[in-house]
J.: 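Have a look at this one before I ask anything.
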Amino acid sequence: MVGIINDSDSEDELPPGWEERASMDGNVYYVNHYTKITQWTHPQTGRKKIVAGKLPSGWERHISNDGQVLFIDHVNHTTTYTDPRLAFATEYRESSQPVRQRFDGSSTALAVLYGRDLRNKVALVTGANTGIGYETARSLALHGCTVVFACRSIEKAQAAIDKIKKQKESVNCDILEIDFSSLHSVQNAANKFKLKYRTLNILILNAGVFAVPYKLTNDGYEMTFQVNHLAQFYLTLLLEHPLRSCNKSRVVIVSSESHRFSLIQSVEDLHPLRLSPPEYRYWSMGAYNDSKLCNILFARELSRRWPSVAVFSCHPGNLISSDLSRHSWMYRLLFAIVRPFTKSLQQAASTTVFCATAFELEGTTGMYFNNCYRCDISVIGLDSQLASRLWDVSQEMIVSVMKRDKLWYDLALK
């Protein structure tokens, strides 16, 4: 029997195909050029390292046009991808916080992506033509990601893409027409996406409505519930194959701290007439709070059912000045008053982008983030029975619409 002999007696030496690099904040990570994966731990020792201090004299950090981080040695006139400080990297002990914080509430989405190259990734962002969704899509596109703008208006989506192309003409953006007030539109959009794209690396469920007057969708459900939860739940299920067909795909569901004020308290509350109430029982803020809890419950249940996909929910910020408040003059006034004291849209998009791309989240799932930091969700949001029940009820409501519409179609043919 032939034994396997190590090529080197140094346990810190990297195996063939691996390369050591450093992030902008000094955290060392490892790239495998064969499998195209990255990780924070050394492939041999399982340890983590950091680099600290300034670059050596004569060295300069530079960002290329395609987003790559380069290091220039002006003394020897050489350029490399390798941080010269890596030779002096030191190990560090894990802290009690499972996910370290590199960014905070003042960070922008572009800062989160600084130095990243996303050219081999495809992202679908719902509601990408305006507000936080636009800044999310723009930030990803400027760093090489192919971004699909999933929007109701093709004209508005094209106008948003044209704005980005004025900054960087080479961005790769696409448009997917989708109306979340129609489950058939969601189904048609998902089918069109799957005809064009075989894989989906990042799905960002950002679209939503807030403080809308009582209105039923084309499917007969209350608008806030369907747009904020049911239709995006359906879209995710329809995109299961492209999501699970690629390595390390992620789903990011934009929720809100408002989920803590939901009046849903038990499994008995999760039935169609409670989730989609009649007009006399409707309160716009209550409907929004309930839909945001649905986002949290959906994220947790999806992470359990699809373990190969990383799923995160997040809060973008309080009273962000965007088109979300366009349906109510009172909320428009409130948002205008607090605007100087709240996040910009770029800052509001940072947590979404962090959840979608951060290296340190690899191997984790089912977590909730605020200000790029892992936070606890409400007690009711942790209820696994509630999450499972919401999944079942949501499926039943979708099937009910599809069966009803098929019956009407069959009758029309007679």
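Please read these numbers as outputs of a predicted model, since none were measured by experiment. Just the heavy atoms: all of them, side chains too, but no hydrogens, waters or symmetry mates, feed the values below.
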J.: Do Leu110 and Arg138 come within less than 4.5 Å of each other through their side chains, counting heavy atoms only?
T.: yes
J.: If you define the side chain from C-beta out and look only at heavy atoms, does anything of Ile164 sit under 4.5 Å from Leu142?
T.: yes
J.: Taking the side chain as C-beta and beyond, is there a heavy-atom pair between Val186 and Phe180 under 4.5 Å?
T.: yes
J.: List the atom pairs, donor and acceptor, that lie under 3.5 Å between side-chain atoms in residues 235-242 and the rest of the protein, sequence neighbours left out.
T.:
residue : atom : partner : partner atom : Å
Thr236  : OG1  : Gln232  : O            : 2.8
Glu240  : OE2  : Arg244  : NH1          : 2.7
His241  : NE2  : Ser245  : OG           : 3.4

J.: Going from SG on Cys294 to CG on Asp290, what distance comes out if it is rounded to the nearest 0.5 angstrom?
T.: 6.5 Å
J.: So, using ring pair (Phe, Tyr, Trp, His ring centres under 6.0 Å) as the criterion, who are the partners of Phe233 when residues are at least two apart?
T.: His229, Phe298, Trp391
J.: Quick one: which of Leu275, Leu297, Asn289 gives a side-chain contact (heavy atoms from CB on, under 4.5 Å) with Ile264?
T.: Leu275
J.: Which atom pairs, donor and acceptor, lie under 3.5 Å between side-chain atoms of residues 169-178 and protein residues at least two apart or in another chain?
T.:
residue : atom : partner : partner atom : Å
Asn172  : ND2  : Thr146  : OG1          : 3.0
Asp174  : OD2  : Lys196  : NZ           : 2.8
Asp174  : OD2  : Tyr197  : OH           : 2.7

J.: If you define the side chain from C-beta out and look only at heavy atoms, does anything of Pro278 sit under 4.5 Å from Arg281?
T.: yes
J.: Taking the side chain as C-beta and beyond, is there a heavy-atom pair between Ser139 and Gln346 under 4.5 Å?
T.: yes
J.: Of the non-hydrogen atoms in Glu268 and His271, which two are nearest, and what is the gap between them?
T.: O-CD2, 3.0 Å
J.: If you measure only the distance, is there a donor-acceptor pair under 3.5 Å linking the side chains of Gln187 and Asn191?
T.: no
J.: Hey, is NZ on Lys194 packed in by over 12 heavy atoms from elsewhere, all under 6.0 Å?
T.: yes
J.: Are Tyr30 and Lys49 side-chain neighbours, meaning at least one heavy-atom pair lies under 4.5 Å?
T.: yes
J.: Can you see which heavy atom on Ser181 is nearest to which on Val227, and at what distance?
T.: N-CG2, 4.4 Å
J.: Apply salt bridge (charged side-chain N to carboxylate O under 4.0 Å, His left out) to Asp383 and list each qualifying residue two or more places apart in sequence or on a separate chain.
T.: none
J.: Could you tell me whether the side chain of Thr136 reaches within less than 4.5 Å of the side chain of Val254, counting heavy atoms only?
T.: no
J.: State which residues pass side-chain hydrogen bond (donor to acceptor under 3.5 Å, both in side chains) with Ser182; sequence neighbours excluded, sorted by chain then number.
T.: none
J.: Could you give the distance from CD1 (Ile296) to CG (Leu390), rounded to the nearest 0.5 Å?
T.: 12.0 Å
J.: Does the side chain of Ser350 pick up a donor-acceptor pair with the side chain of Glu135 at under 3.5 Å?
T.: no
J.: Indicate whether the side chain of Ser291 and that of Asn228 have a donor and an acceptor atom separated by less than 3.5 Å.
T.: yes
J.: Do you know the tightest heavy-atom contact between Leu200 and Leu124?
T.: CD1-N, 3.7 Å
J.: Can you see which heavy atom on Tyr282 is nearest to which on Ala287, and at what distance?
T.: CE1-CB, 3.5 Å
J.: Just checking, Arg116 and Phe359: is the charged tip under 6.0 Å from the six-membered ring centre and within 45° of the axis?
T.: yes
J.: With sequence neighbours left out, what residues match Glu222 under salt bridge (charged side-chain N to carboxylate O under 4.0 Å, His left out)?
T.: none
J.: Counting C-beta onward and ignoring hydrogens, is there a side-chain heavy-atom pair between Lys292 and Glu257 closer than 4.5 Å?
T.: no
